[in-house]
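Take a look at the structure below.
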Amino acid sequence: MRGKREKQRVAILTKDVLTRVLQLLVGEGLVEQGVVEQVQKEVAQTRQPLMATLQAKGVVSDEMIAHATAVVMGVPYVDLKNVEMDQDVLGLLNYEVAERSMVVPLGENNGQLVVAMLDVGNVQAVDYLSTLTGRPVRAVMASSDGVRAVLRQYKGDFTGVKQAVKVTNEEVARKQAANVKTITQDSPISKALTSILEFAVKSKASDVHIEPLENSLVIRCRIDGVLRRVMELPKAIEPALVSRIKILSNLKIDEHRIPQDGQFAVMVGGKEVDLRIAISPVVWGEQVVIRLLDKTGTSMDIESMGMTGRSLRAVLEGISKPNGMILTSGPTGSGKSTTLYALIKRIKSEKINIVTLEDPVEYKMDGVNQIQVNVDAGLTFASGLRSILRQDPDVVMVGEIRDSETANLAVQASLTGHLVFSTLHTNSAAGILPRLLDMGIEPFLLASTLNTVIGQRLVRRVSEKRVTYQSNEMETSELKGIVGDLLPKNSDEVARAGKDLGYAGLPLADQSSYTLVKGVDDPDSPGGYSGRAGLYEAITVDEDIQKLIVSHATSAEVMRAAREKGTITMRQDGMLKALSGVTTMEEVNRVASDLA
């Protein structure tokens with residue numbers, strides 16, 4: 001697509017304009033005359049466009065061509081690469097039209113719509129926009145990179161929300177109570193909900209929070225693990241919006257006293273997104289939390305999720321065994337289920353029968369028999385696990401061990417020759433052991449069935465737009481205290497340490513400062529972050545750890561023994577990721593400050 005549009009950029013330059021553009025670039029000292037002549041000889045043989053070839057060789061940039069062309073043609077030019085646009089301004093032109101025509105809105109001036117486009121001389125395109133928007137259009141020139149930078153800022157078209165607010169206010173003015181059952185698919189409320197969900201999906205949000213206040217309704221999205229306020233709506237829109245969500249989720253719209261849970265799926269941007277709905281009564285109304293499960297946007301590859309080095313080797317060793325338990329732990333939203341899916345994908349084969357018991361089934365996988373927990377019908381984790389063991393499974397995944405009955409059944413399954421995967425809510429990998437003992441599991445059974453225990457957290461990744469800096473005295477001291485003993489002592493150890501820990505190019509331990517990175521804050525990467533990576537610690541339950549379990553050792557004692565055997569803790573993994581440019585020290589401390 002980009003190549004096509006680059007040709008479009010060259011196509012608008014007539015021979016006369018092209019000559020004058022080159023003369024301007026050479027005259028301003030931006031391009032050497034000798035280089036231009038050399039490329040002209042080359043394109044005479046290849047018959048490729050001159051400007052495209054200069055650009056491909058890095059002699060000129062897209063921005064230089066656009067600026068010079070604008071000067072030659074005597075039209076206004078704007079550099080949009082680092083401009084942050086207001087969503088209200090972007091709402092002046094539909095995204096599909098903007099993307100298709102490579103035109104972006106810049107604002108309104110004296111009744112005119114001001115737009116930036118690649119081909120200012122395209123009268124037909126300007127007339128089309130004028131007809132489409134119903135107002136005169138004034139065009140200025142921008143580069144294709146600049147236009148794309150603005151297109152990436154389109155997070156959602158909230159015109160539907162604004163229309164819903166207007167209509168709802170009018171309805172409230174006419175009557176005090178609206179009959180929400182009559183809301184149709186094309187109603188303003190439906191369009192408002194669609195706009196909110198489209199924004200969430202395009203922003204790669206994991207959750208949408210719809211929170212009623214005394215006089216307003218606040219919409220927040222959790223993006224890369226951090227909640228961000230998106231908009232504030234009038235209080236009057238709350239009943240209709242919440243009722244619409246209840247209708248789609250098959251929940252009781254007249255029940256406002258107790259929490260309700262539901263789910264439904266929507267098509268956003270041509271892909272299906274599963275939504276889990278949780279509605280709870282709060283002081284000022286009903287709070288709605290929507291969990292988005294975008295199956296297409298999740299990588300089920302354990303390495304790309306951030307597991308590497310010693311932790312990866314320990315986990316791969318654990319899942320290679322024919323039986324036993326692999327347990328992962330961490331707080332809510334730390335990616336435990338995704339880790340289990342990645343591990344199951346790793347071992348999936350036509351030769352084995354994999355059965356899962358989940359609440360709910362988050363990601364559907366071919367070749368895996370997935371069962372949805374249904375407490376109302378009597379299908380719990382415990383009863384479902386009993387049923388699974390009669391289905392001749394080789395591998396069993398239990399979404400979560402919540403009680404002693406499920407824990408005992410999981411242990412029994414592993415004792416009878418099954419490989420069992422599951423999750424627990426604990427703060428660290430070592431914390432799994434005393435938690436299971438508290439559930440009534442006999443220590444000798446636990447010691448003989450556990451293969452590997454995994455602890456994990458999620459940190460935000462530094463965006464591609466980044467800058468480097470040297471650590472200050474306090475940061476240097478913290479790094480040396482946490483990972484100083486892991487870093488290479490001399491240049492001969494760099495390669496060995498990189499292979500052992502899974503991070504290439506680690507600095508030497510004995511340095512006065514370390515090179516760190518931080519992202520550039522822009523609309524594509526708020527706060528300088530984009531995406532997330534896991535922090536992992538994996539403990540292999542060998543004979544020494546088994547003895548500690550039998551003796552009812554504390555989690556601290558187990559972790560101490562594991563570290564002596566080479567286990568990398570989550571905090572150490574985080575600091576190694578900071579030194580490798582994956583994340584920042586501040587982000588590691590945000591999610592793992594409670595860990596040793």
> Of all residues at least two apart in sequence or in a different chain, which pass the side chain to side chain contact (heavy atoms under 4.5 Å, CB included) check with R276?
Replying inline: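 So R276 forms a side chain to side chain contact (heavy atoms under 4.5 Å, CB included) with Q263, R291, L293, P360, E362.
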
> So which pairs with a foot in residues 471-488 pass salt bridge (Lys or Arg N to Asp or Glu O under 4.0 Å), sequence neighbours left out?
Replying inline: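 Listed once each, the pairs are E478-R571.
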
Looking only at non-hydrogen atoms, find the nearest pair between [X] and [Y] and report the distance.
X    : Y    : answer
G333 : L458 : O-CD1, 3.5 Å
L385 : T406 : CD2-O, 3.9 Å
I545 : V558 : CD1-O, 4.1 Å

>> By the ring pair (Phe, Tyr, Trp, His ring centres under 6.0 Å) test, which pairs, at least two apart or in different chains, include something from residues 460-494?
In response: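 As it turns out, there is no ring pair (Phe, Tyr, Trp, His ring centres under 6.0 Å) pair with a partner in residues 460-494 once direct neighbours are skipped.
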
> Which pairs with one or both residues in residues 312-355 pass ring pair (Phe, Tyr, Trp, His ring centres under 6.0 Å), sequence neighbours excluded?
Replying inline: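 Qualifying pairs, neighbours excluded: Y341-Y363.
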
Those residues that, when tested against [X], pass salt bridge (charged side-chain N to carboxylate O under 4.0 Å, His left out) (two or more places apart):
X    : value
R346 : E303
D394 : none
E493 : R496
K547 : none

Could you go through residues 532-539 and list every donor-acceptor pair under 3.5 Å that involves a side-chain atom there, pairing it with any protein atom two or more places apart or in another chain?
residue : atom : partner : partner atom : Å
E537    : OE1  : M570    : N            : 3.0
E537    : OE2  : A429    : N            : 3.0

> With sequence neighbours excluded, what pairs up with H418 under the ring-ring contact (aromatic ring centres under 6.0 Å, His included) test?
Replying inline: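 H418 satisfies ring-ring contact (aromatic ring centres under 6.0 Å, His included) with no other residue.
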
> Sequence neighbours excluded, which residues qualify as ring-ring contact (aromatic ring centres under 6.0 Å, His included) partners of Y514?
Replying inline: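 Y514: no ring-ring contact (aromatic ring centres under 6.0 Å, His included) contacts found.
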
Determine, for [X] against [Y], whether the closest basic-nitrogen to carboxylate-oxygen distance falls under 4.0 angstrom.
X    : Y    : result
R435 : D438 : no
D366 : K345 : no
D359 : R402 : yes
K565 : D542 : yes

>> Show me the pairs that pass side chain to side chain donor-acceptor pair (under 3.5 Å) and involve residues 311-327, at least two apart or across chains.
In response: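 Side chain to side chain donor-acceptor pair (under 3.5 Å) check on residues 311-327 returns R313-D500.
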
> Can you check side chain to side chain donor-acceptor pair (under 3.5 Å) on Q370 and E358, steps first, answer last?
Replying inline: CA-CA 7 Å; Q370 297 171 276; E358 306 170 61; 3.1 Å; yes

>> Using the rule given for salt bridge (Lys or Arg N to Asp or Glu O under 4.0 Å), can you reason through R457 versus D573, listing the C-alpha separation, both sets of side-chain angles and the distance that settles it, and then say yes or no?
In response: CA-CA 10 Å; R457 303 281 174 92; D573 189 31; over 6 Å; no

